[in-house]
Amino acid sequence: PERVCDYVENSKSAHKLLSNIEDNIFDYDSYQRIIAHASKKITSSELNCLKMEKDPITKAILSNFDDLSIYVFNDYIVKDVNKAISRLRNDITMLTGDKLKSAISVGKSIGLMDDDNDTLKISQVEDINKNHDNYKSLAISGDVLESLINSQDSYKLENVLKHTSKKIIYRASPNIKQLYVSFLQNTFKKPVMMIGDGANDISA
């Protein structure tokens with residue numbers, strides 16, 4: 001939704017609308033999946049520019065979208081899933097496309113996270129340099145995870161993963177989920193079990 005709001009004609013108002021929706025619907029008995037849609041007509045030459053990723057033409061095309069729609073779906077945690085998770089080994093990661101607020105809400109519900117203050121939040125690459133010794137769990141943005149895996153600082157990510165046994169990766173695309181599983185296999189040389197229930201989990 002945040003990306004879609006970046007592309008619409010009045011981006012500032014769109015982000016304010018999204019923020020108001022998120023603040024007013026949040027409920028700890030369930031969690032929300034929020035998706036957004038906007039569209040615009042483009043020419044075949046503009047389409048070719050997008051395919052070739054020609055900046056700044058691409059940036060000009062990816063703006064002034066019309067007809068913003070925001071959809072909110074309530075979702076519920078499977079009963080007693082927290083008990084199942086507590087019986088598993090300690091090193092568990094939840095990969096989700098949801099935003100941080102929803103991811104943390106689910107993390108608390110399933111016993112993957114106890115307290116916000118015990119959670120190291122990494123929302124930009126520089127946050128990897130924070131002292132992680134006193135944190136029990138980790139919440140990291142999928143985009144940042146991808147940047148770290150593909151950088152010279154991947155050893156810093158490895159170090160943080162070693163020291164936190166409960167992890168949440170939010171805003172994780174199918175590609176990022178696959179990348180994370182591969183990184184665990186290649187870095188720690190141990191078997192990795194992945195459970196998913198949708199087409200976006202197949203590659204991982």
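Each residue takes its place number in the sequence, starting with 1. Here the structure is a predicted model, which is why all the values come from computation and not from measurement.
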Participant: For the backbone of Leu17 and the side chain of Asn20, can you confirm whether one donor and one acceptor N or O come within less than 3.5 Å of each other?
Facilitator: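 Side chain of Asn20 to backbone of Leu17, a donor-acceptor pair under 3.5 Å: no, none is there.
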Participant: One thing to verify: whether Lys40 and Asp67 come together as a salt bridge, which I'm taking to mean a side-chain N less than 4.0 angstrom from a carboxylate O.
Facilitator: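 Lys40 and Asp67: not salt-bridged.
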Participant: Enter the distance from His37:NE2 to Leu68:CG here, rounded to the nearest 0.5 Å.
Facilitator: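 Rounded to the nearest 0.5 Å, the NE2-CG separation comes out at 10.0 Å.
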Participant: Check whether more than 12 heavy atoms from other residues, nucleotides or ligands sit under 6.0 Å from atom CD of Gln152, and answer yes or no.
Facilitator: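 No, the 6.0 Å shell around CD holds no more than 12 heavy atoms from other groups.
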Participant: Would you kindly confirm whether Ile110 and Met194 end up in one hydrophobic cluster when ILVMFWY residues are joined by side chain heavy atoms under 4.5 Å apart?
Facilitator: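 No, it is not one cluster - the side chains of Ile110 and Met194 are not joined through contacts under 4.5 Å.
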Participant: With a 4.5 Å cut-off on side-chain heavy atoms, are Ile61 and Cys49 touching?
Facilitator: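 When only atoms from C-beta onward are counted, Ile61 and Cys49 do touch, with a gap below 4.5 Å.
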Participant: Donor-acceptor check, side chain of Ser151 to backbone of Leu148, threshold 3.5 angstrom: yes or no?
Facilitator: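 Yes, because the side chain of Ser151 sits within donor-acceptor range (under 3.5 Å) of the backbone of Leu148.
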Participant: Minimum heavy-atom separation for Arg171 to Pro1, with atom names?
Facilitator: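 Closest approach of Arg171 to Pro1: NH2-CD, 3.6 Å.
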Participant: Using the side-chain contact (heavy atoms from CB on, under 4.5 Å) rule, take Ile176 and Asp143 through it: C-alpha gap first, then chi angles, then the decisive distance, then the call.
Facilitator: CA-CA 8 Å; Ile176 287 167; Asp143 287 347; 4.0 Å; yes
Participant: Of all the heavy-atom pairs spanning Leu112 and Ser137, show the shortest one and how long it is.
Facilitator: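 Reported closest heavy-atom pair: O-CB, 4.1 Å.
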Participant: Test your reading of the model: is there a side-chain donor-acceptor pair from Lys166 to the backbone of Thr119, 3.5 Å cut-off?
Facilitator: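 Pair absent, no side-chain N/O of Lys166 close to backbone of Thr119.
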Participant: Phe65, Tyr71: one ILVMFWY side-chain cluster at the under-4.5 Å cut-off?
Facilitator: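 No: no chain of side-chain contacts under 4.5 Å links Phe65 to Tyr71.
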Participant: Side chains of Glu146 and Asn175: closer than 4.5 Å at any heavy-atom pair?
Facilitator: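 The answer is yes, as the side chains (C-beta and beyond) meet within the 4.5 Å cut-off.
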Participant: Do you know the tightest heavy-atom contact between Gly107 and Ile168?
Facilitator: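 Between these two residues, the closest heavy atoms are CA-CD1, 3.8 Å.
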Participant: Go through Lys167 and Asp91 one step at a time and tell me if the side-chain contact (heavy atoms from CB on, under 4.5 Å) criterion holds.
Facilitator: CA-CA 8 Å; Lys167 309 166 187 73; Asp91 200 351; 2.5 Å; yes
Participant: Starting from Ile85, can I reach Leu184 by hopping between I/L/V/M/F/W/Y residues whose side chains sit under 4.5 Å apart?
Facilitator: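 No, because Leu184 and Ile85 fall into different hydrophobic clusters, even though each may have its own neighbours under 4.5 Å.
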Participant: Could you tell me whether a side-chain N or O of Ser154 sits under 3.5 Å from a main-chain N or O of Asn150, the two making a donor and an acceptor?
Facilitator: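 A pair under 3.5 Å: no.
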Participant: Is there any salt bridge (charged side-chain N to carboxylate O under 4.0 Å, His left out) pair reaching into residues 152-164, and which pairs are they, with sequence neighbours excluded?
Facilitator: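 For residues 152-164: Asp153-Lys156, Glu158-Lys162.
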Participant: Do you know the tightest heavy-atom contact between Asp6 and Ser11?
Facilitator: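 Taking Asp6 first and Ser11 second, the nearest heavy atoms are CA-OG, 3.6 Å.
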Participant: Calculate, to the nearest 0.5 Å, the distance between atoms OG1 and CG belonging to Thr164 and Asn159 respectively.
Facilitator: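 The distance works out to 9.5 Å.
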Participant: Quick check: do Leu145 and Phe183 have side-chain heavy atoms less than 4.5 Å from each other?
Facilitator: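 The answer is no; the side chains never approach within 4.5 Å.
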Participant: Do Lys99 and Ser102 get their side chains close enough for a donor-acceptor pair, meaning under 3.5 Å?
Facilitator: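 Yes - a donor-acceptor pair under 3.5 Å links their side chains.
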Participant: For the residue pair Leu120 and Lys130, what are the closest heavy atoms and their distance?
Facilitator: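 Shortest heavy-atom separation between Leu120 and Lys130 comes out as CD1-CD, 3.8 Å.
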Participant: Taking the side chain as every heavy atom from C-beta outward, state whether Asp127 and Ile140 have any atom pair closer than 4.5 Å.
Facilitator: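 The answer is no; the side chains never approach within 4.5 Å.
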Participant: Determine whether a donor-acceptor pair (N or O, by modelled atom type, separation under 3.5 Å) exists between the side chain of Ser105 and the backbone of Lys101.
Facilitator: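 Not a single qualifying donor-acceptor pair exists.
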Participant: To the nearest 0.5 Å, what is the distance between CD1 (Ile77) and CG (Asn82)?
Facilitator: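 Going from CD1 on Ile77 over to CG on Asn82, the span is 9.5 Å.
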Participant: For a side-chain contact (heavy atoms from CB on, under 4.5 Å) check, start with the C-alpha distance between Leu62 and Leu50, then their side-chain angles and the critical distance, and finish with the verdict.
Facilitator: CA-CA 9 Å; Leu62 294 176; Leu50 285 174; 4.0 Å; yes
Participant: Between CZ of Phe73 and CD1 of Ile34, what distance do you get to the nearest 0.5 Å?
Facilitator: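 Answer rounded to 0.5 Å: 10.5 Å.
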Participant: Could you tell me which residues satisfy salt bridge (charged side-chain N to carboxylate O under 4.0 Å, His left out) with Asp80, sequence neighbours excluded, listed by chain and number?
Facilitator: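 Residues passing salt bridge (charged side-chain N to carboxylate O under 4.0 Å, His left out) with Asp80: Lys83.
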Participant: What are the two closest non-hydrogen atoms of Gly142 and Ile169, and how far apart are they?
Facilitator: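 Looking at all heavy atoms of both residues, the closest pair is CA-CG2, 4.0 Å.
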Participant: Do Ile122 and Val106 belong to the same hydrophobic cluster, where Ile, Leu, Val, Met, Phe, Trp and Tyr are linked whenever their side-chain heavy atoms lie under 4.5 Å apart, directly or via other members?
Facilitator: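 No, it is not one cluster - the side chains of Ile122 and Val106 are not joined through contacts under 4.5 Å.
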Participant: For residues Leu157 and Tyr180, determine if any side-chain heavy atom of one lies less than 4.5 Å from a side-chain heavy atom of the other.
Facilitator: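 Not in contact.
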Participant: Between Ser63 and Tyr7, is there a donor-acceptor pair closer than 3.5 Å when you use the side chain of the first and the backbone of the second?
Facilitator: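 Here the side-chain-to-backbone pair does not exist.
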Participant: Which pairs pass salt bridge (charged side-chain N to carboxylate O under 4.0 Å, His left out) with one or both residues in residues 184-204, sequence neighbours excluded?
Facilitator: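 Every salt bridge (charged side-chain N to carboxylate O under 4.0 Å, His left out) pair that includes a residue of residues 184-204, provided the two are not neighbours, is Lys177-Asp201.
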Participant: Using the rule that Ile, Leu, Val, Met, Phe, Trp and Tyr join whenever any side-chain heavy atoms are under 4.5 Å apart, tell me whether Ile104 and Val78 fall into a single cluster.
Facilitator: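 Yes, same cluster.
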